[in-house]
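Chain letters run A, B, ... following the sequence lines, proteins first, then strands; residues in each count from 1. Here the structure is a predicted model, which means the values were calculated and not measured. Just the heavy atoms: all of them, side chains too, but no hydrogens, waters or symmetry mates, feed the values below.
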2 protein chains.
Amino acid sequence: MKISELAKRADISAHTIRYYEKLGLLKPTQRSESNYRIYTNDDVVTAKFIKRSKECGFSLAETSTLLAIKNDKSQHVCAEAKNMTSSKIVEISEQIAKLKRMQSTLQELEVLCCGGQESAEFCSIISNLEKVV
Amino acid sequence: MKISELAKRADISAHTIRYYEKLGLLKPTQRSESNYRIYTNDDVVTAKFIKRSKECGFSLAETSTLLAIKNDKSQHVCAEAKNMTSSKIVEISEQIAKLKRMQSTLQELEVLCCGGQESAEFCSIISNLEKVV
DNA sequence: CTTGACCTTAGATGTTACTCTAAGGTTTAT
DNA sequence: ATAAACCTTAGAGTAACATCTAAGGTCAAG
């Protein structure tokens, strides 16, 4: 199949597929006489693998590492995949914690402010951000 | 005070302060004879305002809008600040929801995998990412 | 009076993940 | 046969937020 067919099947744009190729994540099995990229069903699996990896929060660099495991399983061990997964869980937990801190600060600010058409002269959101800590 | 003093007091690098100036967020009140940036205590307040705004999750562009309110309060109303705050809370809630989805997917993958020195041939993390959906 | 710390500028670089453009060649359907 | 749809490439642009570099000027202390 050509690139647009792969794009449709994996739900990734053709542009992005070429970009992934440039990064070495997804090389077409062969080229047609007219130099078009020709993909196989295996490439569809790989493309979806990349997509799911991204949906789990892995960067493209990390996805590249996971692909290396996938593409040569006998040369890798479970610990590699599990360690990456565990680290990512920790990383995501930290991000969630940070966002929750932001959220609660914002909620404190939100309830203080009347939100009306009054001049911002005494707006508690602004004055709280101004406050010298 | 000069830039390094402001940097220390606001806990922002001198580089970043110059960058903020380029974006129009924080202009020094005046320049010394030798063209050094001279800051006042008000500039320290503004620098800290920017820092706190960022800690609440506002981008520099949004921070710029908040600064415009702060710097000319009589021309603005509470609703502006409150709307920005409410939108940001929604935005952050969505980010948290997304991260939680990632987290639970990762946790499902993590418990399935033995994590040992076994070959990745049957690694359930890899095979789950490979699975055609 | 000189050394080291501090200051200046424009502009390049880095990160992540695309997204788009220009200029052109190929294929397919009517 | 010709128009529409598809393909190719290198490289530029975007977003967000810095961070660094080079090449040089200024200032305070010993």
Side-chain angles (χ1 to χ4, degrees), chain A residues 1-39 43 46-67 84 87-88 91-92 95 98-99 102, chain B residues 1-39 43 47 49-67 84 87-88 91-92 95 98-99 102:
Chain A
M1 78 196 74
K2 282 179 285 186
I3 198 166
S4 62
E5 175 73 15
L6 173 62
K8 196 170 28 168
R9 288 219 221 163
D11 193 27
I12 303 176
S13 81
H15 268 304
T16 301
I17 291 168
R18 288 193 201 96
Y19 173 68
Y20 288 169
E21 181 178 339
K22 197 157 70 181
L23 298 185
L25 299 186
L26 178 58
K27 288 180 193 107
T29 315
Q30 53 164 307
R31 292 284 185 134
S32 76
E33 283 178 10
S34 52
N35 202 33
Y36 285 10
R37 291 168 175 85
I38 303 296
Y39 298 95
D43 295 324
T46 302
K48 288 186 175 178
F49 183 102
I50 295 170
K51 201 176 180 207
R52 271 196 294 281
S53 169
K54 291 223 62 215
E55 283 163 3
C56 287
F58 291 109
S59 70
L60 291 177
E62 289 160 343
T63 296
S64 180
T65 304
L66 287 171
L67 273 174
M84 287 184 67
S87 307
K88 187 55 69 178
E91 201 183 291
I92 288 179
Q95 283 178 44
K98 188 179 170 192
L99 288 171
M102 288 179 180
Chain B
M1 77 197 73
K2 282 179 285 186
I3 198 164
S4 63
E5 174 72 14
L6 174 62
K8 195 170 29 169
R9 289 220 220 161
D11 193 27
I12 303 177
S13 80
H15 268 304
T16 300
I17 291 169
R18 288 193 201 95
Y19 173 68
Y20 287 171
E21 180 178 341
K22 198 157 68 179
L23 298 185
L25 299 185
L26 179 58
K27 288 179 194 107
T29 314
Q30 54 163 306
R31 292 284 185 134
S32 75
E33 284 178 10
S34 52
N35 202 32
Y36 286 8
R37 291 168 176 85
I38 303 296
Y39 297 96
D43 295 324
F49 182 101
I50 295 170
K51 199 177 183 209
R52 272 197 293 282
S53 170
K54 291 223 64 216
E55 284 164 2
C56 287
F58 291 109
S59 70
L60 291 177
E62 289 160 342
T63 297
S64 180
T65 303
L66 287 171
L67 274 173
M84 286 184 68
S87 306
K88 188 55 70 179
E91 201 183 293
I92 288 180
Q95 283 178 45
K98 188 179 168 191
L99 288 170
M102 288 178 179

Round to the nearest Å and state the distance from [X] atom [atom1] to [N] atom [atom2].
X       : N      : atom1 : atom2 : result
B:Glu5  : C:dC6  : CD    : P     : 11 Å
B:Lys51 : D:dC17 : NZ    : C1'   : 15 Å
B:Leu26 : D:dA18 : CG    : P     : 13 Å
A:His15 : D:dC6  : NE2   : C1'   : 12 Å
A:Asp11 : C:dC18 : CG    : P     : 12 Å
B:Lys22 : D:dC20 : NZ    : P     : 14 Å
B:Tyr19 : C:dT9  : OH    : P     : 17 Å
B:Phe58 : D:dA16 : CZ    : P     : 15 Å

side-chain N/O [X] vs [N] OP1/OP2, d < 4.0 Å:
X       : N      : value
B:Tyr20 : D:dA18 : yes
A:Arg31 : D:dT9  : yes
B:Ser34 : C:dC7  : no
A:Arg37 : D:dT8  : yes
B:Ser4  : C:dC7  : yes

Side chain of [X] only, please: which of [options] is the nearest?
X       : options                : result
B:Ile3  : C:dC7, C:dT19, D:dT19  : C:dC7
A:Thr16 : D:dC20, C:dT27, C:dC18 : C:dC18
A:Leu60 : D:dC20, D:dT8, C:dC18  : C:dC18
B:Tyr36 : C:dC7, D:dT21, D:dT8   : C:dC7

Closest-nucleotide 5' rank along DNA chain D - winner of B:Lys2 and B:Ser13 = B:Ser13
Below 4.5 Å, heavy atoms only, C-beta onward: do [X] and [Y] meet side chain to side chain?
X       : Y       : result
A:Leu60 : A:Tyr20 : yes
A:Thr65 : A:Phe58 : no
A:Glu21 : A:Pro28 : yes

Which part of the nucleic acid does A:Arg18 contact within heavy-atom distance under 4.0 Å: base, sugar-phosphate only, or nothing?
-> base
Apply side chain to side chain contact (heavy atoms under 4.5 Å, CB included) to the pair A:Lys98 and A:Gln95, showing each step before the final yes or no.
-> CA-CA 5 Å; A:Lys98 188 179 170 192; A:Gln95 283 178 44; 5.7 Å; no
Donor-acceptor contact present, side-chain B:Lys88 to main-chain B:Gly57, <3.5 Å = yes
